[in-house]
S.K.: 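Take this structure, written in structure tokens, and hold onto it; I'll ask about it next.
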Protein chains: 2
Amino acid sequence: MKKITIGEAARQSGVKVPTIRYYEGIGLLPAPSRSEGNQRSYEPSDLDRLAFIRHARELGFEVESIRTLLSLQDNPGQSCSSADAIAKARLIEVEQRIRSLLALKAELEVMVEGCGHGRVDQCRVIEVLADHGKCMHPHH
Amino acid sequence: MKKITIGEAARQSGVKVPTIRYYEGIGLLPAPSRSEGNQRSYEPSDLDRLAFIRHARELGFEVESIRTLLSLQDNPGQSCSSADAIAKARLIEVEQRIRSLLALKAELEVMVEGCGHGRVDQCRVIEVLADHGKCMHPHH
DNA sequence: CCTACATCCTCTAGCGACTAGAGGTGCAAG
DNA sequence: CTTGCACCTCTAGTCGCTAGAGGATGTAGG
């Protein structure tokens, strides 16, 4: 048994110490066994779970979705249709977000390029913000 | 004087009533005059300011940035270099976010396409989440 | 004038996903 | 034995709102 401390788990998983404790608190990560001095003591499988959570968070999945995905991982005989649905929903979200950010980028570029670095009353940045009609794209 | 109620201001600006009060509370919007019965009473210039704030929020500027942008708008004789800097910083943020979301999208697509709609133990969604090494792109 | 109802008021608490800090204990090295 | 870091629990703060309680005001109809 090569059990490790929470600090070591944080180093190996890339999840910060308080965040690991937080995940335990909300039930994403099982409460580990404790040392004599009441310190958390993790096993390798906990590191796998932490990596899973971290990766899912980086992909922007919400904690509730991760809860579902983890329970699917824990019961591998089930149908994966809910995992599929969660991932698909996230994909659609991401696609929408990209579209909206591209429109935003275009508008910000107009603002920045139009700035003659002079005084505020000729500044395109302020002007565009003040008058939505000056937007290039109907992103909102 | 065509003063309006907070509800009318909300309708015309597209900013919700509690949000308008919130903006007043944090000092983005000046406290308006009040009616005899202590109800807020807004002027057309307040609507302009609300539109400015709303537009800036839609572009993803933080409240603190908007505070700076508004104070620049209030003092139009100043140099617009800080407005320029704020907009440029936001543009860089947006560009980074787009890049990261595109990598994410690619990864989610692999997950979703690889799902054979069978059981979890053959599910690519769960598999990729569990093993970061299976990612197509080094987005994180 | 009275009543009904929408809108307004203030104040507090909640959201998600952490993060920061206070105040105290455990543990390994010098 | 003491120094100093890592650990413990607990509470409160972050951001930008949003929801709700509990009460006052404004307006339209009878």
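Throughout, a chain's letter reflects where its sequence line sits, starting with A, and its residues are numbered from 1.
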S.K.: Ignoring backbone atoms, establish whether B/Thr5 has a side-chain N or O less than 4.0 Å from OP1 or OP2 of C/dC8.
M.R.: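 True: B/Thr5 side-chain N/O within range (under 4.0 Å) of C/dC8 OP1/OP2.
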S.K.: Listed by chain and number, what are the salt bridge (charged side-chain N to carboxylate O under 4.0 Å, His left out) partners of A/Asp46, not counting sequence neighbours?
M.R.: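 With neighbours one apart ignored, the set is empty.
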S.K.: Could you state the CZ-C1' distance from B/Arg54 to D/dC17, rounded to the nearest angstrom?
M.R.: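 Atom CZ in B/Arg54 sits about 15 Å away from atom C1' in D/dC17.
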S.K.: Round to the nearest Å and state the distance from B/Glu58 atom CD to D/dC17 atom C1'.
M.R.: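 Spelled out: CD on B/Glu58 to C1' on D/dC17 is 15 Å.
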S.K.: Could you state the CD1-P distance from B/Ile26 to D/dC15, rounded to the nearest angstrom?
M.R.: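 About 10 Å, once rounded to whole Å.
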S.K.: Grab the CD-P distance between B/Glu24 and D/dC17 for me, whole Å please.
M.R.: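 Rounded to whole Å, this separation is 15 Å.
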S.K.: Could you write nucleotides 21-30 of chain C as a row of B, S and -, 5' to 3', where a protein heavy atom under 4.0 Å of any base atom gives B, of only sugar-phosphate atoms gives S, and otherwise -?
M.R.: -----SS---
S.K.: Give me each pair satisfying salt bridge (charged side-chain N to carboxylate O under 4.0 Å, His left out) with a member in residues 83-92 of chain B, each pair once, sequence neighbours excluded.
M.R.: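 Listed by first then second residue: B/Asp84-B/Lys88, B/Arg90-B/Glu93.
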S.K.: Which residues pass the side-chain contact (heavy atoms from CB on, under 4.5 Å) test with A/Ile98, not counting sequence neighbours?
M.R.: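 Listed in chain order: A/Val94, A/Leu102, B/Leu101, B/Leu102, B/Lys105.
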S.K.: Tell me, please, which residues at least two apart from A/Glu113 pass salt bridge (charged side-chain N to carboxylate O under 4.0 Å, His left out).
M.R.: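 Counting only residues at least two positions away or on another chain, A/Glu113 forms no salt bridge (charged side-chain N to carboxylate O under 4.0 Å, His left out).
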S.K.: For C/dC9 and B/Arg21 - does any side-chain N or O of the residue sit under 4.0 Å from the phosphate oxygens OP1/OP2?
M.R.: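 It does, given that an N or O in the side chain of B/Arg21 lies less than 4.0 Å from OP1 or OP2 of C/dC9.
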S.K.: Need one value for A/Ile6: base, sugar-phosphate or nothing, where a base atom within 4.0 Å counts as base even if backbone is also close, heavy atoms only.
M.R.: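 If one applies the 4.0 Å heavy-atom cut-off, A/Ile6 turns out to touch the sugar-phosphate alone, with no base involved.
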S.K.: Among residues at least two apart in sequence or on other chains, which ones pass salt bridge (charged side-chain N to carboxylate O under 4.0 Å, His left out) with A/Arg67?
M.R.: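 A/Glu64.
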S.K.: Quick one: salt bridge (charged side-chain N to carboxylate O under 4.0 Å, His left out) partners of B/Arg57, sequence neighbours excluded?
M.R.: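 Checked B/Arg57 against salt bridge (charged side-chain N to carboxylate O under 4.0 Å, His left out); zero matches.
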S.K.: Within the 4.0 Å heavy-atom criterion, would you say B/Arg40 contacts the bases, only the backbone, or no part of the nucleic acid?
M.R.: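 Counting heavy atoms under 4.0 Å across all strands, the contact made by B/Arg40 is with sugar-phosphate only.
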S.K.: A/Arg11 near the nucleic acid: base, sugar-phosphate alone, or nothing, with a heavy-atom cut-off under 4.0 Å?
M.R.: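 No contact.
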S.K.: Using nucleotides 16-20 of chain C, report all nitrogen or oxygen pairs with the protein that are shorter than 3.5 Å.
M.R.:
from   : atom 1 : to      : atom 2 : distance (Å)
C/dC18 : OP2    : A/Tyr23 : OH     : 2.8
C/dC18 : OP2    : A/Arg57 : NE     : 2.9
C/dT19 : OP2    : A/Thr19 : OG1    : 3.1

S.K.: Does A/Glu58 pair with A/Arg54 as a salt bridge, N-O distance under 4.0 Å?
M.R.: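 A/Arg54 and A/Glu58: salt-bridged.
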S.K.: Can you measure B/Ile4 atom CD1 to C/dT7 atom P for me and round it to whole angstrom units?
M.R.: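 Going from CD1 in B/Ile4 over to P in C/dT7 covers 15 Å.
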S.K.: Table please: side-chain donor-acceptor pairs of residues 13-20 of chain B below 3.5 Å, with sequence neighbours left out.
M.R.:
from    : atom 1 : to      : atom 2 : distance (Å)
B/Ser13 : OG     : B/Ala9  : O      : 2.8
B/Ser13 : OG     : B/Val15 : N      : 3.1

S.K.: Would you mind reading off the distance between B/Ile20 atom CD1 and C/dT10 atom C1', rounded to a whole angstrom?
M.R.: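 So the CD1-C1' distance, B/Ile20 to C/dT10, works out to 17 Å.
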S.K.: Can you tell me how far apart OG (A/Ser35) and CZ (A/Arg40) are? Round to the nearest 0.5 Å.
M.R.: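 These two atoms lie 10.5 Å from each other.
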S.K.: Send over the distance from B/Tyr42 OH to C/dC8 C1', rounded to a whole Å.
M.R.: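 Taking atom C1' of C/dC8 as the reference, OH of B/Tyr42 is at 11 Å.
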